[in-house]
2 protein chains.
Amino acid sequence: MKNPTRNREATRLKLINAVGQVLAEKGFTHLGVNAVARQAGVDKVLIYRYFGGMPGLIKAFGQEGDFWPSMEELAGGNIDAYRVLPLEEKLKIMGRNYLKGIRKRPLTQEIMAWEMVERNNLTEELEIIRETRMLRFAELFLQVGEETVDVMAVVGLMGAGLSYLICRSRRIRWYNGIDLENQEGWKRLENGIDLVVEGVARLMQARD
Amino acid sequence: MKNPTRNREATRLKLINAVGQVLAEKGFTHLGVNAVARQAGVDKVLIYRYFGGMPGLIKAFGQEGDFWPSMEELAGGNIDAYRVLPLEEKLKIMGRNYLKGIRKRPLTQEIMAWEMVERNNLTEELEIIRETRMLRFAELFLQVGEETVDVMAVVGLMGAGLSYLICRSRRIRWYNGIDLENQEGWKRLENGIDLVVEGVARLMQARD
DNA sequence: GCATTAAGTCACCGTTTAGTGACTTGATGG
DNA sequence: CCATCAAGTCACTAAACGGTGACTTAATGC
């Protein structure tokens, strides 16, 4: 039969997709064999048969996802054009694109919130992807180590701040008088990135 | 009887304290009537009798706690001495004290993680305290609004970054090549605060 | 000393969870 | 056409959850 009603591979995919749907719709606190099986429309025993249990299914889900902005995405699409920009411009562009990249990935936001609470196959996956990709990006494009100031600390502080505010904004509107339900609030933050980068750039020039 | 074995007020306090203990030891995902009653060593029915249920108990807990650095704490102890410092110094000191103040409050860290997941009496409490206190602090000590640059956006970005890294560091060691299990990593971040503040201060001078 | 009130105990309910053994039934090769 | 194997169904367990009614018993006023 070409399109059998019983299809192991198709069922596996249904389960893997259901993980993302439950995460997006109910959050990680409601993620479990029952909820995923219900969402996928299959029996939960298949989670144990095909993945050995929930951790295995989560691991499989983690290997399929697009959880983190790619290098191209952070660079704004054209890597070669990005490479020749001055450091100040590079950092501003990266900041903006990081913000945009995380904001458009609700699943990543959910996993970031999860990282604060628990270690598991999925949070470890995101952790590794982020760390390797950010370090590689810095190595390729930012002249880190040659600088007189700790650029990575500032970049980290900024990235962490954006991550926090994005995750937080899903449930809480205001932060420090900034309205995160309003586009104007996010404009202020983009502006804040520019301010920080410009300021640090001046500092670097002054110390040369 | 002076010290009755049956003492409503003492039992109320046991329950309220148990909330903090469960939060600190097991995390908010394991907080519930059963766990709190077990921790307090009393029957869970008393949670309903004295507080009307878990939300009421959580609310009572929220009103007893020291969840946020006070103004004095952020100013470094001596408010009058703080008041006369230049803005650059004020921001650096506030940043350091904010970092220290959140790092020494594991319960606050847990509630901050909770804020990413759910709204409830406790997260709302922390939300209100933080927002009013930070705005009041800015109003009293930072000349916000009179400046040519959006100081509050930069301060918010920095505070959010520190909050994120503190909460995250409870379970994940590395961020952007910064080792958060090592005191040296936190030193780099303090240094990063200084860099940002100095940079933005120069920008403000340049724009005057 | 006795009756009243409320502090505290306990057994139970219905629901949800993770996990398993036994079953039915569809697809496939010989 | 039939036997085999695995895909999928189902019923069940044990534990944990939030929540409630009925009970015992200690403290208190009279």
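The sequence lines fix the lettering, A, B, ..., with proteins before strands; numbering per chain opens at 1.
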Rounded interatomic separation in angstrom, taking CD from A:E9 and C1' from D:dA6: 14 Å
Side chain to side chain donor-acceptor pair (under 3.5 Å) partners of residues 154-169 of chain A, not counting sequence neighbours, each pair once: A:Y98-A:S163, A:Y164-A:R168, A:R168-B:E115
Rounded distance (Å) that lies between atom P of C:dG8 and atom CD1 of B:I47: 13 Å
Pairing residues for B:R188 by the side-chain hydrogen bond (donor to acceptor under 3.5 Å, both in side chains) criterion, not counting sequence neighbours: A:D150
Under 4.0 Å protein heavy-atom contacts per nucleotide of nucleotides 10-21 of chain C, with B for base, S for backbone only and - for none: B------BBBBB
B:R6 side chain near D:dA27 phosphate (N/O to OP1/OP2, under 4.0 Å): no
Pairs flagged by side chain to side chain donor-acceptor pair (under 3.5 Å) wherever residues 13-30 of chain B is involved - sequence neighbours left out: B:Q21-B:Q39
Gap between atoms CG and P, on B:L15 and D:dG18 respectively (whole Å): 14 Å
Donor-acceptor pair between A:E118 and A:W114 side chains, under 3.5 angstrom: yes
Between D:dT25 (P) and B:L46 (CG): distance, integer Å: 17 Å
Enumerate donor-acceptor pairs with a distance under 3.5 Å from any side-chain N or O in residues 151-161 of chain B to protein atoms, sequence neighbours excluded.
none

Set of side-chain hydrogen bond (donor to acceptor under 3.5 Å, both in side chains) partners for B:R96, sequence neighbours left out: B:D194
Phosphate OP1/OP2 of C:dA7 contacted by B:T11 side-chain N/O (<4.0 Å): no
